[in-house]
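Here is the structure we will look at.
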Amino acid sequence: MKKVSLAICLGILLSQPCLANQDINSEFNETYRAYLAALENQQDTTELAQKAYQLGQKVYGENSDNTANLAINYANSLATYQHEKQYELYKTAYTILEKRHGEHSTEVYDALLGMAESTQSARKASAYLSDLISIAEQQKNDKLVADSKLSAARILALKNSGERYLTAKRYLARQDHYKLNL
């Protein structure tokens with residue numbers, strides 16, 4: 001009888017993590033669906049994006065592409081004045097994706113763009129944008145290159161940095177070249 005009781009107790013103890021994982025998966029799926037619905041209805045998604053990111057870390061692990069994409073979603077949902085938190089999330093996503101795919105892979109493109117937009121440093125933004133444009137050029141897609149250069153010019157102009165004005169101007173001139181060739 002003791003062996004049967006011990007086996008039942010052991011079975012219950014071992015099944016608890018599985019039940020907990022099912023609960024987390026269900027909660028994540030429910031939260032992510034709610035996030036997508038709020039996004040589609042143009043509602044505030046910040047709380048849902050944060051919860052999906054936190055649950056996603058448990059479901060997918062700290063270093064998965066899905067976790068990186070959830071970090072980007074969360075960063076995108078934050079108000080623009082929360083640039084430090086945005087930068088931290090984009091940097092987390094970049095670190096994950098860069099380790100998995102390489103620093104010049106298309107997978108890091110959105111994280112680089114977000115880091116450039118959210119950093120307070122015009123110098124860092126310029127470096128991120130240079131990498132971003134390099135990635136776009138490697139794709140041999142004129143529209144992507146033009147869009148990247150236009151984004152770079154916009155971001156650098158908004159950084160109010162006189163030292164980066166000429167860089168922004170060059171990006172705009174090159175962007176026009178690509179638009180004319182489309």
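This structure is a prediction, so every number in the text was calculated from the model and none was measured.
Rounding to the nearest 0.5 Å gives a distance of 11.0 Å between CG of Asn73 and CG of Leu78. To the nearest 0.5 angstrom, Gln57 atom CD is 11.5 Å from Ile24 atom CD1. Note: Leu70 CG to Thr92 OG1 = 12.5 Å, rounded to the nearest 0.5 Å. The CG atom of Leu113 sits 8.0 Å away from atom OG of Ser148, with the distance rounded to the nearest 0.5 Å. Expressed to the nearest 0.5 Å, how far OG of Ser126 lies from CG of Asp131 amounts to 10.0 Å.
Side chain of Ser118 to backbone of Gly114: a donor-acceptor contact under 3.5 angstrom is found. With hydrogens and angles disregarded, no donor-acceptor distance shorter than 3.5 Å links the side chain of Thr67 to the backbone of Asn63. A donor-acceptor pair is defined here as one N or O able to donate and one able to accept, closer than 3.5 Å; no such pair exists between the side chain of Thr45 and the backbone of Leu48. Proximity of a side-chain donor or acceptor of Gln86 to a complementary backbone N or O of Ala75 within less than 3.5 Å is detected.
For the pair Ala122 and Leu156, the tightest heavy-atom approach, listed with the atom from each and the gap, is O-CD2, 4.1 Å. What you find for Ser105 and Ile135 is that their closest heavy atoms are O-CD1, 3.5 Å. Contact detail for Ala71 and Ala93: the closest heavy-atom pair is CB-CB, 4.2 Å. Closest heavy-atom contact between Ile72 and Ala111: CD1-N, 4.1 Å. Across all their heavy atoms, Gln138 and His104 have their closest contact at OE1-O, 3.3 Å. Closest approach of Met115 and Tyr87 over heavy atoms only: O-CD1, 3.7 Å.
Residues meeting the salt bridge (charged side-chain N to carboxylate O under 4.0 Å, His left out) test with Arg33, sequence neighbours left out: none. Under the rule for a ring pair (Phe, Tyr, Trp, His ring centres under 6.0 Å), the partners of Tyr32 that lie at least two apart in sequence or sit in another chain are Phe28, Tyr35. Not a single side chain to side chain donor-acceptor pair (under 3.5 Å) links Lys91 to another residue, sequence neighbours left out.
More than 12 heavy atoms of other residues, nucleotides or ligands shown are found within 6.0 angstrom of CD on Gln43. Annotation: Gln139, atom CD; neighbour count of heavy atoms from other residues, nucleotides and ligands within 6.0 Å is above 12. Within a 6.0 Å sphere centred on CD of Gln54, other residues, nucleotides and ligands contribute more than 12 heavy atoms.
Glu27 is listed as a side-chain neighbour of Lys51, based on a closest heavy-atom distance under 4.5 Å. No side-chain heavy atom of Asn29 sits under 4.5 Å from any side-chain heavy atom of Val59. Using a 4.5 Å cut-off on side-chain heavy atoms (C-beta onward), Leu144 and Tyr109 make contact. Proximity of Leu112 to Tyr94: side-chain heavy atoms (C-beta onward) are separated by under 4.5 Å at one or more points. Taking the side chain as every heavy atom from C-beta outward, Gln82 and Glu88 never approach each other to under 4.5 Å.
Hydrophobic clustering (ILVMFWY, side-chain heavy atoms < 4.5 Å, transitive): Leu89 and Ile96 are in distinct clusters.
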Intermediate values then yes/no, side chain to side chain donor-acceptor pair (under 3.5 Å), Asp44 and Thr46
CA-CA 6 Å; Asp44 182 22; Thr46 305; 2.9 Å; yes
Might you work through the side-chain contact (heavy atoms from CB on, under 4.5 Å) test for Tyr74 and Lys85, ending with a clear yes or no?
CA-CA 10 Å; Tyr74 179 26; Lys85 181 67 177 174; 3.9 Å; yes
Could you please spell out the steps behind the side-chain contact (heavy atoms from CB on, under 4.5 Å) verdict for Glu107 and Arg100?
CA-CA 9 Å; Glu107 287 81 3; Arg100 294 177 55 84; over 6 Å; no
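Considering Asp65, Asn69, Asn66 as possible partners of Tyr60, the one that fulfils the side-chain contact (heavy atoms from CB on, under 4.5 Å) test is Asn66.
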